[in-house]
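Worksheet for the structure shown next.
Positions are given from 1, in the same order as the sequence printed here. Quick caveat: nothing in here was measured; it's all calculated off a predicted structure.
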Amino acid sequence: MQVVNEIRSAGGRAESWEADLAVPASVPALFDRAEAALGGVEIVVNNAAVSEHDTFDPRPDARDWAGRLTAQLTAESHDRHFAVNTRAVALMMAEQARRHVNRGATWGRIINLSTDASPSFPGEISYGASKYAMESYSRAAAWELGRFGITVNVVSPGPTDTGWITAEMVEGMQRATPLGRVGTPEDIADVVVFLASEQARWITGQLHFVGGGHRMI
């Protein structure tokens, strides 16, 4: 509620609800509540994610890239990731498109959050793969929804300190990043704000690496 209160104190309108995006019925329910409170939804930012460590390595002492013990992939670990990171994002985009067209809207933004390790993420294989699949859905959505005035883009962060980075990790991450530091949530949020703006009207179907050069293509 801190963010909601800050927005309201600055004169804006904001609401907050909890939902389990692994439950498909949560998606239309969220749109219903948002429309009832604030009107038609023009901008969707898909930032919810499940992130757990899993691996193909069958050894009981298998470790991920950061040296943390990691369990072998199971059907359950796979499905937990794909239910939220892939399926829920696809359903959110489909729901946004349906309501957008039904109300005759001509302007919309969808911004999906990925990871710059999505092509191959040893030790977090289901997380990386689910994000990679989401990127494919996003490009397809950009093609199909552009005719309705909706842009669809992906923000792909590098290492960003949202509470999971330990002091032991920082030095290695800094060395692997040309700009020489770990990212902050504000670094990512600024790019999301830009993509949601009118200034980004000619950008769609793109994967934006936001990590100080941690990954380049």
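- Of the possible donor and acceptor atoms, one in the side chain of Gln72 sits under 3.5 Å from a partner among the backbone N and O of Phe56.
- Within the 4.5 Å cutoff, the side chain of Arg8 has heavy atoms near those of the Met1 side chain.
- With a 4.5 Å cut-off on side-chain heavy atoms, Ile203 and Phe194 count as touching.
- Under the 6.0 Å distance and 45° angle rule, Arg68 counts as a cation-pi partner of Trp65.
- Residues Val4 and Ile7 are members of separate hydrophobic clusters, defined by side-chain heavy-atom contacts under 4.5 angstrom among Ile, Leu, Val, Met, Phe, Trp and Tyr.
- A heavy-atom distance below 4.5 Å is found between the side chains of Met216 and Pro178.
- The shortest distance between side-chain heavy atoms of Arg201 and Thr151 does not fall below 4.5 Å.
- Across all their heavy atoms, His214 and Gly158 have their closest contact at ND1-CA, 4.4 Å.
- When all heavy atoms of Thr162 and Pro185 are compared, the closest pair comes out as CG2-CG, 4.0 Å.
- Atom CG of Leu30 and atom CG of Leu21 lie 6.5 Å apart (nearest 0.5 Å).
- His100 places a side-chain N or O within donor-acceptor distance of the main-chain N or O of Phe148, the cut-off being under 3.5 Å.
- Closest of all the heavy-atom pairs between Ser118 and Lys131 is CB-CB, 4.1 Å.
- Hydrophobic clustering of Ile, Leu, Val, Met, Phe, Trp and Tyr side chains at less than 4.5 Å, counting indirect connections, unites Val45 with Val191.
- The two residues Asn112 and Ser138 come nearest to each other via the heavy atoms ND2-OG, 2.8 Å.
- Glu76 CD to Ser126 OG: the interatomic distance, rounded to the nearest 0.5 Å, is 11.0 Å.
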Take Arg99 and Glu95 through the salt bridge (charged side-chain N to carboxylate O under 4.0 Å, His left out) test and state the conclusion after the steps. CA-CA 6 Å; Arg99 293 174 187 244; Glu95 192 71 18; 2.7 Å; yes
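- Of the possible donor and acceptor atoms, one in the side chain of Asp187 sits under 3.5 Å from a partner among the backbone N and O of Thr184.
- Of the possible donor and acceptor atoms, none in the side chain of Arg109 sits under 3.5 Å from a partner among the backbone N and O of Glu42.
- Annotation: Phe209, atom CZ; neighbour count of heavy atoms from other residues, nucleotides and ligands within 6.0 Å is above 12.
- Checking side-chain atoms of Asp57 against main-chain N and O of Ala62 turns up no donor-acceptor pair under 3.5 Å.
- The two residues Thr177 and Met173 come nearest to each other via the heavy atoms OG1-O, 2.8 Å.
- In this structure, Met93 is a member of the same hydrophobic cluster as Val101, with clusters built from ILVMFWY side-chain heavy atoms closer than 4.5 Å.
- At least one donor-acceptor pair under 3.5 Å links the side chain of Ser130 to the backbone N or O of Tyr127.
- To the nearest 0.5 Å, atom CG of residue Asp54 and atom NE2 of residue His78 are 9.5 Å apart.
- Not one N or O on the side chain of Asn153 forms a donor-acceptor pair closer than 3.5 Å with the backbone of Leu195.
- Hydrophobic clustering keeps Phe82 apart from Tyr137 (ILVMFWY residues linked when any side-chain heavy atoms are closer than 4.5 Å, directly or through intermediates).
- By the salt bridge (charged side-chain N to carboxylate O under 4.0 Å, His left out) test, Glu52 is found to be paired with Arg80, residues two or more places apart in sequence or in another chain being considered.
- The two residues Trp164 and Pro159 have their closest heavy-atom pair at CZ2-CA, 4.5 Å.
- Asp79 and Arg87 are not joined by a salt bridge, as no carboxylate oxygen comes within less than 4.0 angstrom of a charged side-chain nitrogen.
- Residues Arg175 and Glu171 are paired through a salt bridge, judged by an N-O separation under 4.0 Å between the basic side chain and the carboxylate.
- Between Trp107 and Ile43, the closest side-chain pair of non-hydrogen atoms falls below 4.5 Å.
- The closest side-chain heavy-atom distance from Asn85 to Met134 is not below 4.5 Å.
- Under the 4.5 Å side-chain heavy-atom criterion for grouping Ile, Leu, Val, Met, Phe, Trp and Tyr, Leu91 is connected to Val41 within one hydrophobic cluster.
- For the atom pair OG of Ser16 and CZ of Arg33, the computed distance is 9.0 Å after rounding to the nearest 0.5 Å.
- Side-chain atoms of Thr160 and Val210, non-hydrogen and from C-beta on, never get closer than 4.5 Å to each other.
- A side-chain donor-acceptor contact under 3.5 Å links Ser156 to the backbone of Asp116.
- In this structure, CD1 on Ile150 lies 5.0 Å from CD on Gln96, to the nearest 0.5 angstrom.
- In this structure a side-chain-to-backbone donor-acceptor pair under 3.5 Å is present from Thr70 to Asp64.
- Using modelled atom types, one side-chain atom of Ser9 and one backbone atom of Asn5 make a donor-acceptor pair closer than 3.5 Å.
- Separating the OG atom in Ser114 from the CG atom in Asn46 is a distance of 11.5 Å, to the nearest 0.5 Å.
- Between Ile188 and Leu113 the shortest side-chain heavy-atom distance falls below 4.5 Å.
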